[in-house]
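The structure under discussion appears below in the form of structure tokens.
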Amino acid sequence: MRKLLRLLRPRTIGAQLIVGVALVHLLLMTIFVLDTVHRQRSFLLERSRERVLFQAAALAASSLRSMIMNDLEGLAETVAAFSREPGVRYAMVTDKTGRVLAHTDRTKSGLYITDAASVQALQGLAQKRLLALGGNVVSAMAPVSVGARHLGWAWIAWDRNADEAHVDRVTKSGLLYMGWAVLVGTVFAISLAGTITRPLRLLLRGARRLSRDQLDTPVPVTTRNEVGIVTRAFNEAMEKLARQRAELQRSRDQLEQRVQERTRELAMSNVALAREITERVQAQDALRRAHNELEERVRERTAELAQTNQALAREISERVRAEEALQGANAALQRSNEDLKQFAYAVSHDLQEPLRMVSNFTGLLQKRYSERLDEPGREFMQYAIEGATRMQAMIRDLLAYSRTMNVDEHQITRVDCNEALDKALLNLETAIEENRAHIDAGPLPVVRAAEVAMVQLLQNLVGNAIKYRSEEPPHIRIFCSKVAGEWRFGVQDNGIGIAAEYQARIFGLFKRLHTNKYPGTGIGLAICSRIVQRYGGRMWVESQDGRGSTFFFTLPPERVMAEPRAEPGPLIAASRVSEGGNAAGL
Amino acid sequence: MPIIRGRHRGGAIRAVAAAGALALCGCGAQATGEHVPEYSRTPRNGGGQIEYVFGVPPVHNPVHLFEIYQPLMEIINAGVTGFQVKIETAPDHASYQQKLISGHLQFAILDPHLVIGAERRGYKPFARVAERIGGLIVVRKDSPIHRATELKHRVISFATPDDFASTMLPKLLLKNLGLNVEREAQATYVGSPESAAMNVYLGLAAAGGMSVAAWQALARSQPDMASALQVRWRSETYVGPAVLAQDAVPQADRRAVGAVLETLHTTESGRAALSRLEVPRFEAATPGSYDGVWEFLGVYRAAFGPAPGVRP
């Protein structure tokens, strides 16, 4: 039997659940149905008992008046009224002896009840009682009495077929519900089993994958119940295991890599060490050789140095002597220059007075006695006057040139070249207007120099540009830029230009290219060159004959105190002068 | 023999239900079976002794009558041999007289004015209530009526038309006082003397007719109502109700019953029974005891026509 039960026992959780739920439903519903039927039956029996007793008592009470009056018809009507109740099998009223006074079956009126049970009941106490209960008919009798005085009995019997039919319906309904409950429970159990066992099956698959070391696929969590919690815990454990395995693998890889690297490093170290040892050996050899060579070279060098020292000592001695000779020559030169300056100044200054007398008196001769002279005499007189005048100009310029050589250091100050150009242009205002000159001046720096020298420099250059004009109105451009570490000034014109062979001569004293066409002494550019040289710069000209000239001069950067501003001051003045020219002639 | 048949229907359903019920309750249900009486023309214990029907007039409801007369019946049954008496009444006086006329009653209690008619139907009085009876008129104590003529066109309540003491005597009383109730007032019959008094008490009637015995009973049973009323006029008294026996009843049985009645006041149980009947005692009577009633009926007939309930 146990073997049979063991064989019938479901092996899967789902089957166990289904069978268990079905059996529990069957058991519970069976108990429920049996209990319900029992309670229903008991209730109906009790109700039948109470109802039949009540009806018997009611029939007795209703029969009392008629019985006292011996109103048999009234009794018959009363009994008939009770018999109209559905389910009444019979009703009757008897006197104390059992004689039927009224009966639902009128043919029984007047007869006597003679069965033993009834006779026994008639002889009992005058109180209502149940005659039978439990079959299809329930019957009772109740005394017809007034107080303790007993007149007779009321009898009534009820058919219980309706109750039994009701119990049958309840039983059928119960069995039907029981069937439905088992069916619904089984269906529910099947569904529940599927819901419960599916995550279990998934978990089982996951466990099998785990046994095959397949840790990369987690078990799907399809429920939140305990199985879901176990599944999540399983997944976490599997994930942790995978993580640990990965970490272990990584550690192993790292370890292997480190071992390889270390091995490589060791090999390289060995190679390097071997190389180093070799190199060291070689170096030691080379060092030894170098040491030997060095010692040889030191010996040779020492010998060379000794010779060189001797030559150097001789050279130093010679240089000392040359320097002492140079210093002597310089001193002589300075004295000579000083004497020359004094001489030039003295000559130019002292020559002015007698020259002025010559000029004045030749002029007076021309004024008073020219008419007395013939034509050649007047011509000669004119030559004399012009020669004196030119001589005066040359002495004046030579005096100016000498002044440039005697500029005192205390005159050196901060000079804005833009302002210096303004002053120079102001001095040249008449010439600019007469020649309708157009002047463009770019921004110029602030330099450290004597203002009068800078005004003189710029005035001479601009004046030359106006003087040596071409047929075109002069167009003069003054600019400055830093080139190769020094500040380069330029004065460009559109004048007659200078032939290349004369460009080096023009900076000498009294050097003139156009002695007859253009007035002058030929000392202006010499003054300019002298000023520039004094401030550490140099001066030159770039020109082509008939195509204008550009005079350049440079100043060393230490002379420049402020670089040119974006908005030049002189440009305003020049423009003003130029516009004035235009307004006058154009 | 009674038929006690067990009925065990087949069928799985009932079997299951019964089995379940038995299993659940752990005990047997009440014995199944049904009581089927058997009938016969003769009693199981053979024929009984002679039973005389003792008629009681329906002056109260039947149950009350049973309550007050059944002790008397029991005393009579205890005091006689060879027969038994059984109380019986009727829904109303007409039915009661019908039972009398039909000979259904072997013994009967009747009002005085009906005795002469019963004699014609084969009954003879052999005992009577020793106390004389009379009628009266009650009004409310606050009633302004002091003369019978003041009741003209007013409502006057009575028990029933054939009640000798409560209706006929008061009506003749008022007639003698100058008021013909049938013509000059509105006579209403309300079933019992107590109801007639209740109508006066509630103001539904200006006056009401009652017997002296009923008034005394009302004073005892409902003193509050009785105290609100007062007796305005009383009639003459007449001999009390009679106990009659059918001529077919053997003389010995008649005497036996008479003897019990005449000696009731001598025993405790008898006095208790008399007390319930509100009768002091019974005494022997003869048809001549009610000759005076002849005169009353003549006056009444002259005033109101033939007396009700009296059938020639």
Side-chain angles (χ1 to χ4, degrees), chain A residues 30-31 33-35 37-42 45 49 64-71 74 89-90 92 95 97-100 103 108 110-119 121 130-141 146-147 149 151 155 157 160 164 167-168 170-172 174-175, chain B residues 1-9 11-14 16-25 28-45 48 51 53 55-56 58 61-67 69-71 73-74 86-91 95-96 99 104-105:
Chain A
T30 302
I31 293 172
V33 170
L34 292 177
D35 180 66
V37 170
H38 169 67
R39 289 176 186 277
Q40 194 68 23
R41 180 182 293 279
S42 300
L45 278 173
R49 189 184 72 82
L64 180 60
R65 289 171 61 100
S66 298
M67 202 163 179
I68 293 172
M69 294 182 295
N70 196 27
D71 182 5
R89 182 69 67 89
Y90 68 84
M92 65 179 172
D95 62 10
T97 64
R99 187 177 61 182
V100 177
H103 197 287
K108 292 186 171 57
L111 300 179
Y112 290 90
I113 298 174
T114 54
D115 63 274
S118 300
V119 171
L130 202 64
L131 295 173
L133 180 67
N136 287 333
V137 177
V138 56
S139 55
M141 61 189 294
V146 178
R149 290 181 170 81
L151 281 78
W155 307 66
R160 293 194 66 251
E164 290 300 326
V167 172
D168 288 346
V170 170
T171 305
K172 288 178 181 177
L175 292 174
Chain B
M1 289 296 289
I3 299 173
I4 307 296
R5 287 198 296 254
R7 301 194 63 179
H8 298 281
R9 287 186 178 179
I13 295 173
R14 184 158 296 181
V16 169
L22 286 171
L24 285 171
C25 68
Q30 296 192 35
T32 57
E34 58 184 68
H35 170 250
V36 180
E38 291 180 351
Y39 304 93
S40 172
R41 292 193 178 278
T42 55
R44 179 183 176 89
N45 298 326
E51 186 178 67
V53 178
V56 176
N61 67 71
V63 175
H64 185 54
L65 284 175
F66 185 84
E67 287 174 342
Y69 277 99
Q70 181 61 21
M73 299 300 113
E74 292 172 0
K86 186 188 73 170
I87 184 173
E88 186 173 321
T89 184
S95 301
Y96 185 71
K99 288 185 177 181
H104 177 71
L105 305 176

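Just so it is clear: chains get the letters A, B, ... in the order the sequence lines come, proteins before strands, and each one is counted from 1. What you see below is based on every heavy atom in this structure, not just the backbone, and it leaves out hydrogens, waters and symmetry mates.
- The structure places OG of B:Ser95 at 8.5 Å from CG of A:Asp71, a figure rounded to the nearest 0.5 Å.
- Heavy atoms of A:Leu64 lying under 4.5 Å from chain B belong exclusively to its side chain.
- With a 4.5 Å cut-off on side-chain heavy atoms, B:His104 and A:Asn70 count as touching.
- Heavy atoms of A:Val100 lying under 4.5 Å from chain B belong exclusively to its side chain.
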Practice task
Please step through side chain to side chain contact (heavy atoms under 4.5 Å, CB included) for the pair A:His103 and B:Tyr39, ending with a clear verdict.
Solution key: CA-CA 11 Å; A:His103 197 287; B:Tyr39 304 93; 2.7 Å; yes
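- Atom CD1 of B:Ile87 sits about 13.0 Å away from atom CE of A:Met67, to the nearest 0.5 Å.
- Here the shortest heavy-atom pairing between A:Met69 and B:Pro91 reads SD-N, 3.3 Å.
- Between A:Arg149 and B:Glu67 there is no salt bridge, since no side-chain N of the basic residue sits under 4.0 Å from a carboxylate O of the acidic one.
- Contact annotation for B:Pro58: neither backbone nor side-chain heavy atoms come within less than 4.5 Å of a heavy atom of chain A.
- Interface summary for chain B: among A:Val146, A:Ile68, A:Leu111, the most heavy-atom pairs under 4.5 angstrom belong to A:Ile68.
- For A:Met92, the part lying near chain B is the side chain, with the backbone staying farther off; criterion is any non-hydrogen pair under 4.5 Å.
- To the nearest 0.5 Å, atoms CZ (A:Arg65) and OG1 (B:Thr89) are separated by 9.5 Å.
- For the pair B:Pro37 and A:Asp115, the tightest heavy-atom approach, listed with the atom from each and the gap, is CA-OD1, 3.1 Å.
- Considering only heavy-atom pairs separated by less than 4.5 Å from chain A, the leading option among B:Glu88, B:Glu74, B:Gln70 is B:Glu88.
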